[in-house]
Amino acid sequence: MNDFNFFSIYQKKKGIDLNPGSPYFISGIIVLVCVVLTSGLFVYNLILTKQIESAQLRIMEIKTTEEYTQASYYQNSLHAMTSYETGADLALQKFQSSDVIRTDLLSNLWKGLPVNVRMTSFTIDQTTINMSFQIPNRRAAAELLKGLKETGLFQEIHLGTIASGTDTPTMSTTIDGTWKVGETK
Amino acid sequence: MKSQNFITNERDKNLLIILLGIILAFLLFYFVTSPAIDQTAMLGAQAKEAKANLESTKSLVAQLPELQKQENEKKQQLLEKYAPFFYDLNEEGLLYKLDTLMAESGLTVGSYDSTIPAASSIPMISSDWQPLTYQLKDLATITNPELANPGQTGDQAPAEDTSGADAVATVDITINYGPATYPTIVNFVSKLEGLNKTVIVKNLAAGTGDGGGLSGSVTLSLYSLPKLDQSEAKYLEFFPAFGKGKADPFQ
């Protein structure tokens, strides 16, 4: 009677015979490592994508709220007012520096006039003044010019022609002056 | 005849198998892993940016009460600072306002002419005056500094801005008057100053006329600034004293 081992084929296949030195094993390990690394990267990328979508969704939700709309309005308004202030400040500065012809200028100006001269006309603008006078004599013209210079309002002042009157004993003359910028207030 | 194999021995066979594995790994890395690494870096930056945006959005909402308070305070500060500027330059309002001042000051006006409002920067004041300089004077000034030409004193003129950021609406008005007295002229200028508004007398002329009294002209420049609220919108408003509606316009 012969013995038959019905499990012989299973006994042959039992266990895996690994040889670490086998080239198939080494190559398999190398490829396996690359596959594992790549798979891990794909999973990580998926996680990052989900995080980004979640953050963007949350941002969208916040931006639809009334509080965000108001906060955004106030923030934009503050930025706009900062730029507005820069331009408006400059405009205000320029206005203040060009506001030359005022009543105090006129009153300070006439303080330099001798009492024996009489003005016949004047034209004032923001940089110059032109005046015409009737004067009794040339000495009065000299005193007139000196008096106006002593007001300290002029960068330059000049006496024009002194002409004798044809029908009257009085003389006439003109004075042209240039204001000192910033000193006329 | 026995065929010859390319692989002659076991060692070569092992090396080729390992090499094949390395090549497979390299191809996998080059075509799959490396792009995935690049995408990881890009997604990492995007995630960081998205997180920062989320934080800033949340922070903005959290600052709402403070922003509201700052905005109101800033607005009030600027309204007070720029109160001298007119709210607007509507022609009928200005005419009514100035006519009132002319009547109150007793100025007899012959003509009144107003330009159309235009946007422009307020011009810088500059004169053509040049100091008298020559070599001997420059040399003597070293020993006697009193000879030096007096420079411009007082406030420095603001720097010229060529960007137009300070452009404001402006209108020029020319008033020819006469016969008038000098006190009425000064009175009118004084009332203009009393408005505490951005009105500049650009030119003032007066002269004695044949008929007695003084006649001349005054040219004004008025400036307005767009205000941050409506509080001054009615500054130039006036209420008509006469009814409206005529069947015969020539009557």
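Chain letters run A, B, ... following the sequence lines, proteins first and then strands; every chain starts at 1.
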Which heavy-atom pair separates [X] from [Y] by the least distance, and what is that distance?
| X | Y | result |
| --- | --- | --- |
| B:Thr198 | B:Tyr223 | OG1-O, 2.6 Å |
| B:Thr184 | B:Gly106 | CG2-O, 3.9 Å |
| B:Pro117 | B:Leu89 | CG-O, 4.1 Å |

Leading residue by heavy atom contact count with chain A [cutoff under 4.5 Å; candidates [options]]:
| options | value |
| --- | --- |
| B:Gly216, B:Ala206, B:Ala167, B:Ser215 | B:Ala206 |
| B:Pro65, B:Gly207, B:Ser221 | B:Gly207 |
| B:Ala36, B:Ser190, B:Ala50 | B:Ala36 |
| B:Thr208, B:Leu67, B:Ile200 | B:Ile200 |
| B:Leu15, B:Asn72, B:Val199, B:Ile22 | B:Val199 |
| B:Ile37, B:Val168, B:Leu192 | B:Ile37 |

Using heavy-atom distances under 4.5 Å, tell me whether [X] contacts chain A through its side chain, its backbone, both, or neither.
| X | value |
| --- | --- |
| B:Glu66 | neither |
| B:Val186 | both |
| B:Val218 | neither |
| B:Leu78 | side chain |
| B:Gln63 | neither |
| B:Phe26 | neither |

Do the side chain of [X] and the main chain of [Y] share a donor and acceptor less than 3.5 angstrom apart?
| X | Y | answer |
| --- | --- | --- |
| A:Gln155 | A:Thr178 | no |
| A:Thr173 | A:Thr161 | yes |
| A:Thr38 | A:Cys34 | yes |
| B:Lys227 | B:Phe85 | yes |
| A:Thr151 | A:Gly147 | no |
| A:Ser72 | A:Tyr68 | no |

Subject >> A:Tyr24 OH: over 12 foreign heavy atoms closer than 6.0 Å >> reply: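 Counting other residues, nucleotides and ligands, OH of A:Tyr24 stays at 12 neighbours or fewer.
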Largest heavy-atom contact set with chain B, pairs under 4.5 Å, which of [options]:
| options | value |
| --- | --- |
| A:Val33, A:Ile52, A:Leu32 | A:Ile52 |
| A:Ile101, A:Ile29, A:Thr49, A:Asp125 | A:Ile101 |
| A:Thr103, A:Leu48, A:Ile62 | A:Thr103 |
| A:Thr65, A:Thr120, A:Val31, A:Leu106 | A:Thr120 |
| A:Glu67, A:Met119, A:Gln51, A:Glu53 | A:Glu67 |

With a 4.5 angstrom heavy-atom cut-off, could you sort out which part of [X] is near chain B: side chain, backbone, both or neither?
| X | value |
| --- | --- |
| A:Asn130 | neither |
| A:Leu92 | both |
| A:Ile59 | both |
| A:Val35 | both |
| A:Phe42 | side chain |

Original post:
Hey, is A:Arg139 close enough to A:Glu143 for a salt bridge, meaning N to O under 4.0 Å?
Top reply: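 A salt bridge links A:Arg139 with A:Glu143.
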Subject >> Salt-bridge present (B:Asp229, B:Lys75; N to O < 4.0 Å) >> reply: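 Salt bridge: no.
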Subject >> Stepwise side-chain contact (heavy atoms from CB on, under 4.5 Å) test for A:Arg138 and A:Met171 >> reply: CA-CA 8 Å; A:Arg138 278 177 287 277; A:Met171 298 179 177; 3.2 Å; yes
